[in-house]
Amino acid sequence: MRVLNVAEKNDAAKNIALCANRGPPNRREGLSQYNKIYEFQYQINGHQCTMIMTSVSGHLLTQDFSPQYRQWQSCPIVELFDAPLQTICPPNYQNIKRTLEREARTCQQLIIWTDCDREGENIGYEVIEVCRAANPRLGPQHVWRARFSEITPQAVNNALRNLVPPDERISNAVACRSELDLRIGAAFTRLMTMRFREIAQYKPFLNEKGLLSYGSCQFPTLGFVVERYKEISRFIREDFWKIKVTHEFKKPEKARVEFHWQRVRLFDQLCCEVIFDICKERPEATVTGLTEKPKSKWRPLPMDTIELEKLASRMLKINAKETMRIAEKLYSQGLISYPRTETNIFPKDFGLPNLVQQQIASPVWGAFAQNLLQLGPNPRAGKKSDQAHPPIHPLKFAPNLAGNEKRVYELIVRHFLATCSGDAKGFETILTIQITEEFFQADGLVITERNYLDVYPYDKWEAKTIPHCSVGLKFIPTRIEMAAGQTSPPALLSESDLIALMEKHGIGTDATHAEHIETIQTRQYAGMNDDRRFTPGRIGMGLVDGYDAIDRAMSRPHLRSQLEASLKDICEGRRNKADVLQEQIDNYRGIFLQAQAQIQKLRDALDRYTQ
DNA sequence: GCAAGGTC
């Protein structure tokens, strides 16, 4: 019996075949240069099978409006909410499709090995659709879903012993999301672009094509940037006052120590002055406590995509989009593992020692790796798993990289070695003194074991000496002073902040955060200042304000969150696709008609910011 | 020409 197996990408197909075959399988070319065909023998339920393993490259099919609706002037825009859609295989995927069709004709069974997430289930149905059209004998009893939580020999064999039918509900949830994104995106994008592109006053602030787009992810992303900007504009600074005590200890050891007030600060100047005067009058300080307790600084969790993007942005000042471009290149050169992963826990028996061993060759961190190998790699375990890909880790030592590729690779290696190492350990000392009725304290830190910090310069943990003086010791502080200050607004969003907000509100996926952030910049809705923080542009401010005046929901994250909840209902059988689709379309058509009728509100807002 | 989701 011949069995066609299809994974979501070539890398997965290769590894699954390797695991199932317990060794390298035969490899031959398909029509697509990136998607190879792997062949091996395997027994399923006592049947000897010739396994044909190949892959797609993500979604094989996409949806678009029927041709008569694709011209922007072809119909009243509101019709896009109901216009018929077509399923298309884009030209650059035709080779993959033809390979599937050709192989499907010779097979009696089909096993779907796409990633075990929502999109994967939908991609699985695209594969089924194409294969079944080529070979109608691949009926429901001949099509199976392999469920796996990682690509290891055990998980792969287990999946083959426990094949299940594919889950159409999960696929339907994705089809629902995808249709809504298209209809809503196209409708609002055409409306805004056609109404505003030609207005001279806006032109200096628009992108080259004059495209004003709306999308269910790009707009909430812009919303976060605008919201933070406005929060800062609204912020009213408040004056406060505080008392600072400094002492230059001569014994038991020499040290300059700053004590901070236990009241932290007061917003009443007079009140602070009164207390300050009392302290100055009777400045003698008495040590009332010295506590010392162990403190550790945790080594980082295994790296997932979001962490890579955030770290590279913060520590290397390389933006998320560029980081992913580089990571994909390193991956295609076989230097690092698959860079799009939501997993931050290494599977058991992952072969970490071998991966650490690779790094011993480095003149920079080789010694650290050598030492780590002797102690045994002991990674911290996170709680997230996408059930397909392990955390990002180096595969080989790569001495010949340069520029940002070298820096990103180094970050990945150092992070990997750090996560496999031990927490930093030390002691925290808290010294408390009393001056009249007021208490002040100073914190000290002694680092006893640096451990992971030795290989991970991105974390700072600074030792601070506090003299070991005994309780009851009295001294006159070198200085007691009153200082004035002002509360300060939060900072503009950094890229790392923005990614964190997107993740928290379920805007986009780990693979798309960087793209949405890039989109709001290429649309000139937002820009990045010299501190690498996001500032809204004039059009961005105007659009958010304008939509706020029509329907607050448009630039806020909760519409997307609500859709996510409905999609979950579809997956779990509580609702069906048609029902959710109708509800969402009706809702957005309503907002669209409002926006069209009240387009002047959008114009007014844009006018305000572009004068 | 438009979205967001996959991936080379």
Side-chain angles (χ1 to χ4, degrees), chain A residues 6-14 30 32-36 55-65 67 69-75 77 80-81 83 85 89-90 92-93 95-96 114-115 117-127 171 173-194 197 207-221 305 324-325 327-334 338-342 386 388-389 502 506-520 523 560 563-564 567 584 588 592:
Chain A
V6 185
E8 188 159 321
K9 59 211 134 229
N10 181 62
D11 176 61
K14 183 175 76 184
S32 150
Q33 60 166 312
Y34 301 111
N35 304 82
K36 309 296 180 191
S55 56
V56 286
S57 288
H59 282 286
L60 182 61
L61 308 174
T62 186
Q63 291 200 307
D64 202 354
F65 295 103
Y69 292 88
R70 285 188 206 153
Q71 286 289 327
W72 283 33
Q73 314 283 352
S74 64
C75 68
I77 300 173
L80 294 179
F81 287 99
L85 300 180
C89 178
N92 52 334
Y93 287 97
N95 282 336
I96 298 177
T114 47
D115 294 355
D117 53 23
R118 237 166 45 188
E119 296 295 330
E121 205 67 22
N122 184 263
I123 294 167
Y125 269 85
E126 294 172 358
V127 171
S171 175
V174 172
C176 180
R177 188 229 8 103
S178 141
E179 182 174 336
L180 287 168
D181 284 340
L182 173 62
R183 292 189 187 281
I184 298 162
F188 282 94
T189 300
R190 286 188 193 181
L191 175 71
M192 295 193 294
T193 304
M194 294 201 290
R197 181 170 46 189
N207 56 75
E208 270 173 34
K209 292 182 185 166
L211 185 66
L212 285 121
S213 63
Y214 175 86
S216 54
C217 289
Q218 50 177 273
F219 234 68
T221 304
T305 302
M324 289 314 289
R325 191 194 63 76
E328 274 151 29
K329 189 165 175 203
L330 294 173
Y331 162 71
S332 68
Q333 293 172 338
Y338 191 67
R340 283 190 286 269
T341 173
E342 293 174 66
D386 61 19
H389 314 288
M502 294 170 79
I507 305 301
T509 69
D510 62 315
T512 60
H513 290 146
E515 288 171 33
H516 302 311
I517 293 173
E518 194 187 51
T519 300
I520 63 171
R523 298 282 186 272
R560 188 73 185 180
L563 173 60
E564 281 296 326
L567 295 182
Q584 291 281 335
Y588 275 99
F592 179 84

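Chain naming here is simple, since letters A, B, ... match the order of the sequence lines and numbering starts at 1 in each. All values below were derived from every heavy atom in this structure, side-chain atoms included, with hydrogens, water molecules and symmetry-related copies excluded.
The residue Phe188(A) sits apart from the nucleic acid: no heavy atom pair falls under 4.0 Å. Residue-level contact check: Tyr93(A) touches the bases, meaning some heavy atom is under 4.0 Å from a base atom. Among the protein residues, Asp115(A) comes within range of the sugar-phosphate backbone only, with heavy atoms under 4.0 Å from sugar or phosphate atoms but none that close to a base. As judged by a 4.0 angstrom heavy-atom cut-off over every strand, Arg560(A) is placed among residues touching the sugar-phosphate backbone only. At the heavy-atom level, Glu8(A) lies under 4.0 Å from the strands shown only through sugar-phosphate atoms. Among the heavy atoms of the strands lying under 4.0 Å from Gly508(A) are primed sugar atoms or P, OP1, OP2 only; no base atom is included. Within the 4.0 angstrom heavy-atom criterion, no nucleotide atom of any strand lies near Arg325(A). As judged by a 4.0 angstrom heavy-atom cut-off over every strand, Gln71(A) is placed among residues making no nucleic acid contact. Nucleic acid contact class of Ser178(A) (heavy atoms, under 4.0 Å, all strands): base. Residue contacts shown for Gln73(A) are absent, as no nucleic acid heavy atom lies under 4.0 Å away. Residue contacts for Thr114(A): at a heavy-atom cut-off of 4.0 Å it reaches no nucleic acid atom on any strand shown. Within 4.0 Å of Ile96(A), counting heavy atoms only, lies at least one base atom of the nucleic acid. As judged by a 4.0 angstrom heavy-atom cut-off over every strand, Thr189(A) is placed among residues touching the sugar-phosphate backbone only.
Between Cys217(A) and Arg340(A), the residue anchored closer to the 5' end of DNA chain B is Cys217(A), taking for each the nucleotide with the nearest heavy atom. Along DNA chain B, the nucleotide closest to His516(A) and the one closest to Trp72(A) are compared, and the more 5′ of them pairs with Trp72(A).
Between the side chains of Arg560(A) and Ser216(A), a donor-acceptor pair is found at a separation under 3.5 Å.
The side chain to side chain donor-acceptor pair (under 3.5 Å) test applied to Arg523(A) returns Ser213(A), not counting sequence neighbours. Remark: Lys14(A) pairs with no residue by the salt bridge (charged side-chain N to carboxylate O under 4.0 Å, His left out) rule, at least two apart or across chains. Contacts of Lys209(A) classified as salt bridge (charged side-chain N to carboxylate O under 4.0 Å, His left out), with partners at least two apart in sequence or in another chain: none. The salt bridge (charged side-chain N to carboxylate O under 4.0 Å, His left out) check on Glu515(A) picks up nothing, with sequence neighbours excluded. For Arg325(A), the salt bridge (charged side-chain N to carboxylate O under 4.0 Å, His left out) criterion is met by Glu322(A), not counting sequence neighbours.
Between Tyr588(A) and Phe188(A), the angle of the ring planes goes over 60°, which puts this pair in the perpendicular group of the 30/60° scheme.
The nucleotide range of DNA chain B contacted by chain A, defined by atoms under 4.0 angstrom from heavy atoms of the protein and reported 5' to 3', is dG1(B) to dC8(B).
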